[in-house]
Amino acid sequence: GGLADADGGDDAAGGADGCDRDESDEQPDDEVLAHHIHRLDRAEAVLQQRTDRFIIILECVSNISNQFGIFRTAEALGVQQVWIVQAERYRVSKMPDGIDGISKKANQWLTVRQFESSAQAIAAARSEGREIWVTHLHADRSFALQAPLQVPPQLALIIGAEHDGASELMLEAADKAVYLPMTGFVESMNVGVATALVMQRLFDLCPEAKGDLGVVQKAVLRRHWYGQLARNPQQRRVFSQCADRLNAAAAVRSATADE
């Protein structure tokens, strides 16, 4: 599982261990860490399952509920990066009431990048050495997302707009067009459902992608996530110190392994 529900608990709204604690009532640091170690352990378990081997690029997905639903699915499955392309001609729907219930605030645990154009997103993906795949049912020489298709070491997967699909620019830039095999009369799915199935197919094709983050990537996320899990200044300080110790130990192990 992901971290989308990890920030709850009995102290989420203040109280004995929440934001209402007076600084003069602070517990010793070791007691704070011991009381909340289960939350940090959860973060570590999630971190060890994250992938950066493939990222999802949402090109002009204009329904905000779809976007946030995809955030939730990506976080739950372990896909760390979701990029958003929002061209001016596509108007994003208004933020509906209850959007946090749809997303479980999953985006706070993800690396979300915003681009003003498809060309910018393509250039960014290429700069990271990523192969580009685009989901498209009717493109020439489309490949089914199933074996024996092999996932490249670095992949950017494009999900097109709700009604128009991927742009011509994305189709031209793509190294491969892929599709989900379907056997019914209907040849399309809701974009959120399709994206969830695509992400799971990628993990089915490449299970070794789970937990492939490097030491530096893990260190950055650990620092950020531990800060997100803190409920007051003392927790933030204690959790940050814990993250720094873990990051230092991981760096030493990595350096020793490289010798």
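Residue numbers run from 1 in the order of the sequence given. Everything numeric in this text was worked out from a predicted model, so none of it was measured.
- The distance from atom CD of Gln108 to atom CZ of Phe71, rounded to the nearest 0.5 Å, is 12.5 Å.
- Remark: Lys218 does not engage Asp52 in a salt bridge, criterion side-chain N to carboxylate O under 4.0 Å.
- Of all the heavy atoms in Glu59 and Gly165, the pair that sits closest is OE1-O, 4.3 Å.
- Connection of Leu246 to Val216 is not established within any shared hydrophobic cluster, with ILVMFWY side chains joined at heavy-atom distances below 4.5 Å, either directly or through further cluster members.
- Proximity of Leu149 to Trp133: side-chain heavy atoms (C-beta onward) are separated by under 4.5 Å at one or more points.
- Remark: the backbone N or O of Glu116 is paired with a side-chain donor or acceptor of Gln120 at under 3.5 angstrom.
- Of the residues Val46, Ile70, Val82, the one that meets the side chain to side chain contact (heavy atoms under 4.5 Å, CB included) test with Glu75 is Val46.
- Heavy-atom minimum distance, Ala147 versus Leu205: N-CD2, 3.4 Å.
- With no hydrogens or angles considered, no side-chain donor-acceptor pair links Arg223 and Asn247 at under 3.5 Å.
- A side chain to side chain contact (heavy atoms under 4.5 Å, CB included) with Leu157 holds for exactly one of Val178, Thr195, Val134; it is Val178.
- Between the side chains of Asn63 and Glu162, no donor-acceptor pair is found at a separation under 3.5 Å.
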- Query: Does the side chain to side chain contact (heavy atoms under 4.5 Å, CB included) test come out yes or no for Gln235 and Arg39, once each step is laid out?
  - Reply: CA-CA 12 Å; Gln235 288 183 20; Arg39 291 162 66 186; 4.1 Å; yes

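- Contact of the Arg237 side chain with the Asp29 side chain is registered, since non-hydrogen atoms from C-beta on lie closer than 4.5 Å.
- In terms of modelled atom types and a separation under 3.5 Å, the side chain of Glu31 and the main chain of Pro28 share no donor-acceptor contact.
- Shown are Arg50, Gln80, Gln81; of these, the side-chain hydrogen bond (donor to acceptor under 3.5 Å, both in side chains) with Thr111 is made only by Gln80.
- Closest approach of Trp83 to Ala121, counting heavy atoms only: CZ3-O, 3.7 Å.
- Distance check, rounded to the nearest 0.5 Å: CD1 of Ile132 to NZ of Lys176 gives 12.5 Å.
- In this view, Arg253 satisfies the salt bridge (Lys or Arg N to Asp or Glu O under 4.0 Å) rule with no residue, not counting sequence neighbours.
- Here the side chains of Gln86 and Gln67 are in contact, with some heavy-atom distance below 4.5 Å.
- A 4.5 Å side-chain heavy-atom check between Leu40 and Cys242 finds at least one atom pair inside the cut-off.
- Note: Phe239 and His36 have perpendicular aromatic rings, judged against thresholds of 30 and 60 degrees for the angle between ring planes.
- Residue Ile57 comes nearest to Ala156 through the heavy atom pair CD1-CB, 3.9 Å, listed as atom of the first residue, atom of the second, then distance.
- There is no path of hydrophobic side-chain contacts, each under 4.5 Å, that joins Val220 to Trp225.
- Nearest heavy-atom pair, Ala166 versus Leu171, reported as atom, atom and distance to 0.1 Å: O-CD1, 4.2 Å.
- The backbone N or O of Ala124 lies less than 3.5 Å from a partner atom in the side chain of Ser127, making a donor-acceptor pair.
- Atom OG1 in Thr51 sits 12.0 Å away from atom CE in Met199 (nearest 0.5 Å).
- Interatomic distance, Met170 CE to His136 NE2, rounded to the nearest 0.5 Å: 13.0 Å.
- Looking only at side-chain heavy atoms (C-beta outward), Tyr226 and Arg222 come within less than 4.5 Å of each other.
- Interatomic distance, Leu229 CG to His224 NE2, rounded to the nearest 0.5 Å: 9.5 Å.
- Rounded to the nearest 0.5 angstrom, Leu145 CG and Leu180 CG are separated by 5.5 Å.
- Salt bridge absent: Asp175 and Arg130 never bring a charged side-chain N and a carboxylate O closer than 4.0 Å.
- Side-chain atoms of His35 and Val32, non-hydrogen and from C-beta on, never get closer than 4.5 Å to each other.
- A distance-only check finds no donor-acceptor pair linking the side chain of Arg53 to the backbone of Lys210 [under 3.5 Å].
- Nearest heavy atoms, Val79 versus Phe54: CG2-CE1, 3.6 Å.
- A 6.0 Å sphere centred on CD of Gln150 holds no more than 12 heavy atoms belonging to other residues, nucleotides or ligands.
- Val215 and Leu221 are assigned to two separate hydrophobic clusters, defined by single-linkage of ILVMFWY side chains at heavy-atom distances under 4.5 Å.
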